[in-house]
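Since the structure is predicted, the reported quantities are computational estimates derived from the model, not experimental observations.
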Amino acid sequence: MSQRKYFGTDGIRGRVGERPITPEFMLHLGWAAGQAFKKAGQRNSVLIGKDTRLSGYMFESALEAGLSAAGVDVKLLGPMPTPAIAYLTRTFRASAGIVISASHNPHHDNGIKFFSAAGTKLDDALESEIERWLDKPIEVCEPKELGKVSRIDDAPGRYVEFCKSTVPNEFTLEGLHVVLDCAHGATYHVAPKVFRELGAKLTVIGAEPDGLNINLNVGSTHLESLKQTVIDKGADLGIAFDGDGDRVLMVDRDGSEVDGDELLYILASQRRAEGRLEGGVVGTLMTNLGVELALNELDIPFERAKVGDRYVMERLLANDWLVGGEGSGHMVIRDCIGTGDGVISALQVLLAIGNSGKTLSELRSGMNKLPQTMINVKVAQRFDPLSRDDIVSAMREAEESLGDSGRILLRASGTEPLIRVMAEGKDAAEIARVAESLAEVVEQSTP
């Protein structure tokens, strides 16, 4: 991954108007992707969906033109959650799916994600092949071979029905008051339908996108409005998605946050109680140590993957396990869908609540989170912090000071120019001090 020019851990992302997030690059990317898919012998059609960013219209048109120039047919989905595009790519038997989104980032950022014909993230080899074609000049195919473009008008309805199909027919949300925060993003028109059709009483916020307000003080990265609304409305719980709908976080009736690590524990422990877990659980290097300790008490195997839901999925497939996730709210539930899906993950948590007869707070009470401090150090360009001797030396000193009571993690973000410094342990004050000290070293070492 470090040798890539453009692809990070979750596609290509950046600020609109700055290379590579420009119309010219997207035109070339569409053409390069079309050539790579054709060389791989895949079907000759690609689906394109997007979130609600204003720039999505511009990049949709550029990708469409590039794919057509490569002789690949295009089917447009309009604003749809990222996992919906993965699902529809598979059901329409397309070569691939393309998502125009920068997920939880503000509106001035945008990006591109690809899905394979199976509805999973592209493997590294195919991403490398696309980058190889990006180094070649565009050559338009013969006019009679140009790709055709059409629109799938019933895409939202198809996805709504699919989400509902992931819970038993007898499952109902009647009597449950839910506050839904759609982040002014891609779930704004589909998520409320799913939960209403399953019987929930809904209060909806963050469902009035204007192209510029995606993730603005709403959604899974800004839970304040959701917490206050849950309390003000006396709701049973709150659910927050991010801008493209592949993450979910929750809020209990008292306004307390339930993060992805706690949701992972809830799903695993309840499935174990019901005999539906089938193996162990995959977290990431960032997963709170409290998850691992709580799962160990239940004799549930636990494994850490690199950060990124694609790596969680890799380990799930390798182990033939079903459940994995990240603290950010990326949950992967393989017997429901082959990628992170906020709506479906929320439904699975609500199913756990219904089957157990417990509240959200009661379900998470079996896990105790250890204090964890994360500091994001901004850098001019990403680099491997473990390649710097001064950083490695400071990290070793920090590890020695914590001993067996904590752990340290330094990593470059795969999507943003940040170095993430994380410290975790039993003593919150000590952990904060260690993280701040390491962050200073990283900042001073920044090229």
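- Ala155 is linked by a side chain to side chain contact (heavy atoms under 4.5 Å, CB included) to Leu77, Met80, Leu88, Ile152, counting only residues two or more places apart in sequence or in another chain.
- Here the shortest heavy-atom pairing between Asp236 and Gly175 reads OD2-O, 3.9 Å.
- In this structure, CD1 on Ile408 lies 5.0 Å from CG on Leu402, to the nearest 0.5 angstrom.
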Intermediate values then yes/no, side chain to side chain contact (heavy atoms under 4.5 Å, CB included), Leu237 and Val258: CA-CA 10 Å; Leu237 54 87; Val258 182; over 6 Å; no

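- Counting only distance, with no hydrogens or angles, the side chain of Arg310 and the backbone of Leu122 share a donor-acceptor pair below 3.5 Å.
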Could you pull out every donor-acceptor pair under 3.5 Å between side chains of residues 370-377 and any protein atom, sequence neighbours left out?
unit_1	atom_1	unit_2	atom_2	d
Gln372	NE2	Met286	O	3.4
Gln372	NE2	Glu424	OE2	2.8
Asn376	OD1	Arg420	NH1	2.9

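- Other residues, nucleotides and ligands place more than 12 heavy atoms under 6.0 Å from the CG atom of Asp335.
- The closest side-chain heavy-atom distance from Ile12 to Ile21 is below 4.5 Å.
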What's the verdict on salt bridge (charged side-chain N to carboxylate O under 4.0 Å, His left out) for Arg334 and Glu278, showing C-alpha distance, side-chain angles and the deciding distance? CA-CA 11 Å; Arg334 277 187 55 224; Glu278 296 186 23; over 6 Å; no

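- In this structure, OG in Ser345 is found 12.0 Å from CD1 in Ile266, a value given to the nearest 0.5 Å.
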What's the verdict on salt bridge (charged side-chain N to carboxylate O under 4.0 Å, His left out) for Glu314 and Lys306, showing C-alpha distance, side-chain angles and the deciding distance? CA-CA 10 Å; Glu314 283 181 4; Lys306 292 188 291 185; over 6 Å; no

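- Judged purely by atom type and a 3.5 angstrom limit, Glu161 has no side-chain atom pairing as donor or acceptor with the backbone of Arg158.
- Side-chain contact check for Val16 versus His108: every heavy-atom pair is 4.5 Å or farther apart.
- Salt bridge Arg433/Glu430: present, at least one basic N to carboxylate O contact under 4.0 Å.
- The shortest distance between side-chain heavy atoms of Tyr311 and Val282 does not fall below 4.5 Å.
- Here the side chains of Leu47 and Phe115 are not in contact, with every heavy-atom distance at 4.5 Å or above.
- A donor-acceptor pair under 3.5 Å is formed between the side chain of Ser356 and the backbone N or O of Ala352.
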Extract all donor-acceptor atom pairs below 3.5 Å that involve side chains of residues 211-224 and protein atoms in other chains or at least two apart in sequence.
unit_1	atom_1	unit_2	atom_2	d
Asn213	OD1	Asp210	N	3.1
Asn213	ND2	Glu208	O	3.0
Asn215	OD1	Gly243	N	3.1
Asn215	ND2	Ser103	O	2.9
Asn215	ND2	His104	O	3.3
Asn215	ND2	Asn105	O	2.8

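- At a threshold of 4.5 Å between non-hydrogen side-chain atoms, the residues Arg271 and Ile333 count as touching.
- You'll find the side chain of Leu54 stays beyond 4.5 Å of the side chain of His107, heavy atoms only.
- No side-chain heavy atom of Val441 sits under 4.5 Å from any side-chain heavy atom of Arg388.
- Using a 4.5 Å heavy-atom threshold, the side chains of Leu298 and Tyr265 count as touching.
- Taking Asp341 as the reference, nothing meets the salt bridge (Lys or Arg N to Asp or Glu O under 4.0 Å) condition, with sequence neighbours excluded.
- In summary, the side chains of Thr82 and Asp246 do not present any donor paired with an acceptor at a separation below 3.5 Å, with no hydrogens or angles considered.
- Listed by chain and number, the residues in a salt bridge (Lys or Arg N to Asp or Glu O under 4.0 Å) with Asp252 amount to none (sequence neighbours excluded).
- Taking every heavy atom of both residues into account, Ile85 and Gly49 meet most closely at CD1-CA, 3.4 Å.
- The aromatic rings of Phe114 and Phe37 stand perpendicular to each other, their planes meeting at an angle above 60°, with 30° marking the opposite boundary.
- Here the CG atom belonging to Asn44 is positioned 5.5 Å from the CG atom belonging to Asp73, to the nearest 0.5 angstrom.
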Going through the checks in order, is the side chain to side chain contact (heavy atoms under 4.5 Å, CB included) test met by Val343 and Tyr159? CA-CA 10 Å; Val343 174; Tyr159 176 64; 3.9 Å; yes

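- In the displayed structure, Asp254 atom CG is contacted under 6.0 Å by more than 12 heavy atoms of other residues, nucleotides or ligands.
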Verify side chain to side chain contact (heavy atoms under 4.5 Å, CB included) between Leu67 and Ile48, making sure each step is shown before the conclusion. CA-CA 10 Å; Leu67 287 160; Ile48 300 179; 3.9 Å; yes

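- Looking only at distances, no side-chain donor or acceptor of Ser116 sits under 3.5 Å from a matching main-chain atom of Asp123.
- The 12-atom threshold is exceeded at CZ of Arg132, counting heavy atoms of other residues, nucleotides or ligands nearer than 6.0 Å.
- With Glu131 contributing its side chain and Lys5 its backbone, the two residues share a donor-acceptor pair below 3.5 Å.
- Put simply, the side chain of Ser401 gets close to the backbone of Ala398: a donor and an acceptor are under 3.5 Å apart.
- Using a distance-only test at 3.5 Å, with no hydrogens or angles considered, a donor-acceptor pair links the side chain of Gln348 to the main chain of Thr166.
- Once rounded to the nearest 0.5 Å, the distance linking CG of Asn110 with CZ of Arg15 reads 12.0 Å.
- Atom CD1 of Ile112 and atom CD1 of Ile100 lie 5.0 Å apart (nearest 0.5 Å).
- For the pair Asp309 (side chain) and Val312 (backbone), a donor-acceptor distance under 3.5 Å is absent.
- In the model, Asn355 has a side-chain atom that pairs as donor or acceptor with a side-chain atom of Glu274 under 3.5 Å.
- With hydrogens and angles ignored, the 3.5 Å screen pairs a side-chain donor or acceptor of Arg53 with a backbone N or O of Asp109.
- For NZ of Lys164, the number of neighbouring non-hydrogen atoms (other residues, nucleotides, ligands) closer than 6.0 Å is greater than 12.
- Annotation: salt bridge (Lys or Arg N to Asp or Glu O under 4.0 Å) contacts of Glu362 (sequence neighbours excluded): none.
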Yes or no on side chain to side chain contact (heavy atoms under 4.5 Å, CB included) for Met422 and Leu285, after CA distance, side-chain angles and deciding distance? CA-CA 10 Å; Met422 189 274 284; Leu285 296 172; over 6 Å; no

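- Taking the ring centre of Tyr57 as origin, the terminal cationic atom of Lys50 falls inside the region bounded by 6.0 Å and 45° from the ring axis.
- Taking CZ of Arg364 as the start and CD of Glu257 as the end, the distance is 8.5 Å to the nearest 0.5 Å.
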Run the salt bridge (charged side-chain N to carboxylate O under 4.0 Å, His left out) test on Arg396 and Glu399 for me, step by step, so that the C-alpha distance in whole Å, both residues' side-chain angles and the decisive distance to 0.1 Å come before the verdict. CA-CA 5 Å; Arg396 287 175 177 167; Glu399 288 175 333; 6.0 Å; no

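- Of the possible donor and acceptor atoms, none in the side chain of Arg247 sits under 3.5 Å from a partner among the backbone N and O of Gly245.
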